[in-house]
Amino acid sequence: MIPAQFDYLAPTSLEEALAALAESDDAKVIAGGQSLLPVLRMRLNAPELVIDIGKIDALRGVRDDGDALVIGALTTHHELLNDPLVAEHALLLTKAAHELADPQIRHLGTFGGALVHADPAGDLGAPVLALGAEFVIAGSGGTRTVGADDFFVDLFETAVGEDEILTEVRVPKRSGWGAHYEKFVRVAHQWPIVAVAATVRLDGGSIAEARIGLTNMGSIPLRARGVEQALVGASPSEDGVAAAAERAAEGTSPPSDLNGSSEYRQHLAKVLTRRAVAAAARH
Amino acid sequence: MAKISLTVDGEKVSDEVEPRMLLVHYLREKLGRTGTVVGCDTSNCGACTVHLNGRSVKSCNVLAVQADGAEVTTIEGLAANGQLHAVQEAFRECHGLQCGFCTPGMIMQSVDLLNENPHPTEAEVRFGLEGNLCRCTGYHNIVKSVLYAAEHGSAHSEGAQA
């Protein structure tokens with residue numbers, strides 16, 4: 001399958017990219033292209049112009065910024081997976097990147113690209129939500145910052161506007177927190193049927209604080225706040241977290257499809273939450 | 001049309017291509033390098049795997065224009081001076097194939113895997129090949145081939161192109 005024809009620009013600065021975006025009525029931004037190209041090939045979208053931001057080196061890499069890590073939008077999943085700063089301060093992202101797609105896709109696919117694509121089954125949404133990340137979005141009028149709770153708007157829709165580009169994501173450091181991404185699939189490198197992102201801080205042998213994100217339990221990634229509250233003070237074993245994990249499906253209305261019914265997904269969310277939290281507490 | 005210049009298997013090439021042209025089609029149809037095959041055409045199967053600037057990618061999921069300025073290595077550029085690459089040799093030795101269709105991609109991904117992790121466990125080999133599908137073998141001899149290559153010197157360089 002071949003995409004429909006489009007014009008192509010490969011600017012080397014963010015300013016040029018934003019200007020081109022503002023000028024066009026029908027442009028799509030491509031970063032690594034690992035989500036966009038399948039869409040273009042299946043002709044689910046046929047933009048007039050494709051703006052390739054892959055050559056804007058300023059958008060690449062991870063840096064330490066005091067109490068937060070700043071992850072450039074063009075950082076690849078492979079770079080994220082192997083970054084020592086990420087492993088130290090945002091282990092949940094390392095764990096999720098390990099489960100994301102396959103090695104070839106991780107070499108080209110980007111952190112920012114996957115988040116802006118906002119597939120509800122994407123593996124990075126729940127982790128950034130659980131970590132309380134902030135999104136830096138650039139437009140022709142300057143930059144603005146959006147919190148994780150406001151970033152995901154709907155299916156394949158984020159707070160990034162038509163003429164804007166996500167430039168970096170600020171992730172508050174959670175140094176020393178345990179983390180685990182529990183993903184349920186039938187075959188390797190599949191999109192998750194359901195996945196649970198859990199990161200926990202232990203204190204004196206019990207859970208002091210927990211943050212839980214759910215993948216593919218609705219049109220956007222969700223926080224399991226009921227579970228988070230119930231986990232405070234819990235013993236970090238599978239038995240100890242079981243009662244709290246029972247609250248994982250509260251307030252959710254997950255989709256039904258060939259991979260499972262809505263009820264089945266709600267069942268999975270509870271089981272996977274129990275496993276994810278117990279595993280996170282062991283690390 | 002867009003102008004691109006890149007290096008493919010050690011050879012510098014320049015062309016005008018439609019921006020929508022996929023790298024795999026560029027390699028096969030413009031350069032005649034049909035050793036890289038189109039399998040599923042949905043970025044699932046990995047049969048079209050090549051190296052882009054030394055890392056494995058699925059060439060059906062990359063635009064030719066994205067490879068502008070890059071170095072591309074295909075299965076055809078792996079052997080150096082008439083000598084099979086150690087991974088190619090290992091697939092022959094262990095019969096890591098049946099119909100052979102997935103083999104170019106399997107070998108290119110295995111080379112990438114061993115570049116990053118020269119002495120993988122069996123589990124690491126299976127995880128490293130998760131983006132490559134084989135419909136014949138059940139993966140048994142493929143995994144065996146990669147472990148054989150690791151043991152018998154996969155550290156051979158990837159020709160002059162890597």
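Numbered from 1 within each chain, the chains take letters A, B, ... in sequence-line order.
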Chemist: Please round to the nearest 0.5 Å and tell me the distance separating atom CG of Asp102(A) and atom SG of Cys45(B).
Modeler: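 Taking CG in Asp102(A) and SG in Cys45(B), the distance rounds to 10.5 Å.
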Chemist: Go through the steps for Asp112(B) and His107(A) under the test side-chain contact (heavy atoms from CB on, under 4.5 Å), then give the verdict.
Modeler: CA-CA 11 Å; Asp112(B) 184 280; His107(A) 286 148; 3.3 Å; yes
Chemist: Mark yes when over 12 heavy atoms from residues, nucleotides or ligands other than Arg43(A) sit less than 6.0 Å from its CZ; otherwise mark no.
Modeler: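 Atom CZ in Arg43(A) is crowded, with more than 12 foreign heavy atoms closer than 6.0 Å.
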Chemist: Please determine whether the number of non-hydrogen atoms from other residues, nucleotides or ligands lying under 6.0 Å from atom CD of Glu162(A) exceeds 12.
Modeler: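 Open: at most 12 neighbouring heavy atoms sit under 6.0 Å from CD of Glu162(A).
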Chemist: With a 4.5 Å cut-off on side-chain heavy atoms, are Pro103(A) and Gln109(B) touching?
Modeler: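 The answer is yes; the side chains approach within 4.5 Å.
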Chemist: Contact between Leu37(A) and Lys58(B) at the side-chain level, heavy atoms closer than 4.5 Å - yes or no?
Modeler: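 Counting from C-beta outward, Leu37(A) and Lys58(B) never come under 4.5 Å.
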Chemist: Taking Leu40(A)'s backbone N and O only, do any of them form a donor-acceptor pair with Arg20(B)'s side chain (distance below 3.5 Å, no angle check)?
Modeler: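 Checking the backbone N and O of Leu40(A) against the side chain of Arg20(B), no donor-acceptor pair under 3.5 Å is found.
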Chemist: Could you measure the distance from the CD1 atom of Ile105(A) to the OG atom of Ser56(B)? Nearest 0.5 Å is fine.
Modeler: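 The distance works out to 9.5 Å.
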Chemist: Is there a side-chain contact (heavy atoms from CB on, under 4.5 Å) between Thr42(B) and Met1(A)? Walk through the geometry before answering.
Modeler: CA-CA 8 Å; Thr42(B) 57; Met1(A) 290 170 286; 4.1 Å; yes
Chemist: Where along residues 7-32 of chain A does a heavy atom come under 4.5 Å of chain B, listed by residue number?
Modeler: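 Result: Tyr8(A), Ile30(A), Ala31(A), Gly32(A).
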Chemist: Check whether Leu113(B) gets within reach of chain A through its side chain, its backbone, both or neither, counting any heavy atom under 4.5 Å.
Modeler: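 Neither; nothing under 4.5 Å.
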Chemist: For Val62(B), which atoms come within 4.5 Å of any heavy atom of chain A: side chain, backbone, both, or neither?
Modeler: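 Interface part for Val62(B): both.
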Chemist: With side chains defined as the heavy atoms from C-beta onward, is the minimum distance between Gln66(B) and Leu108(A) less than 4.5 Å?
Modeler: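 No - every pair of side-chain heavy atoms lies 4.5 Å or more apart.
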Chemist: Go through the atoms of Leu133(B) and report whether side chain, backbone, both or neither lie under 4.5 Å from a heavy atom of chain A.
Modeler: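 It is the side chain, since no backbone atom gets that close.
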Chemist: Are there over 12 heavy-atom neighbours, none belonging to Gln83(B), within less than 6.0 Å of that residue's CD?
Modeler: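 For Gln83(B), atom CD is not crowded (no more than 12 foreign heavy atoms under 6.0 Å).
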Chemist: Does any backbone or side-chain atom of Ser43(B) lie under 4.5 Å from a heavy atom of chain A? Answer side chain, backbone, both or neither.
Modeler: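 Both backbone and side chain of Ser43(B) come within 4.5 Å of chain A.
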Chemist: Any salt bridge linking Glu79(A) with Arg55(B)? Criterion: basic side-chain nitrogen under 4.0 Å from a carboxylate oxygen.
Modeler: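 No, this pair does not count.
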Chemist: Consider only side-chain N and O atoms of Gln104(A) and Asn132(B), and report whether a donor and an acceptor are under 3.5 Å apart.
Modeler: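 Yes.
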Chemist: Between Asp41(B) and Arg41(A), which heavy-atom pair has the shortest distance, and what is it?
Modeler: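 Scanning both residues completely, I find the closest heavy atoms to be O-NH2, 3.2 Å.
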Chemist: Is Asn61(B) close to Pro38(A) at the side-chain level, that is, under 4.5 Å between some pair of heavy atoms?
Modeler: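 Side chain of Pro38(A) against side chain of Asn61(B), heavy atoms only: contact under 4.5 Å found.
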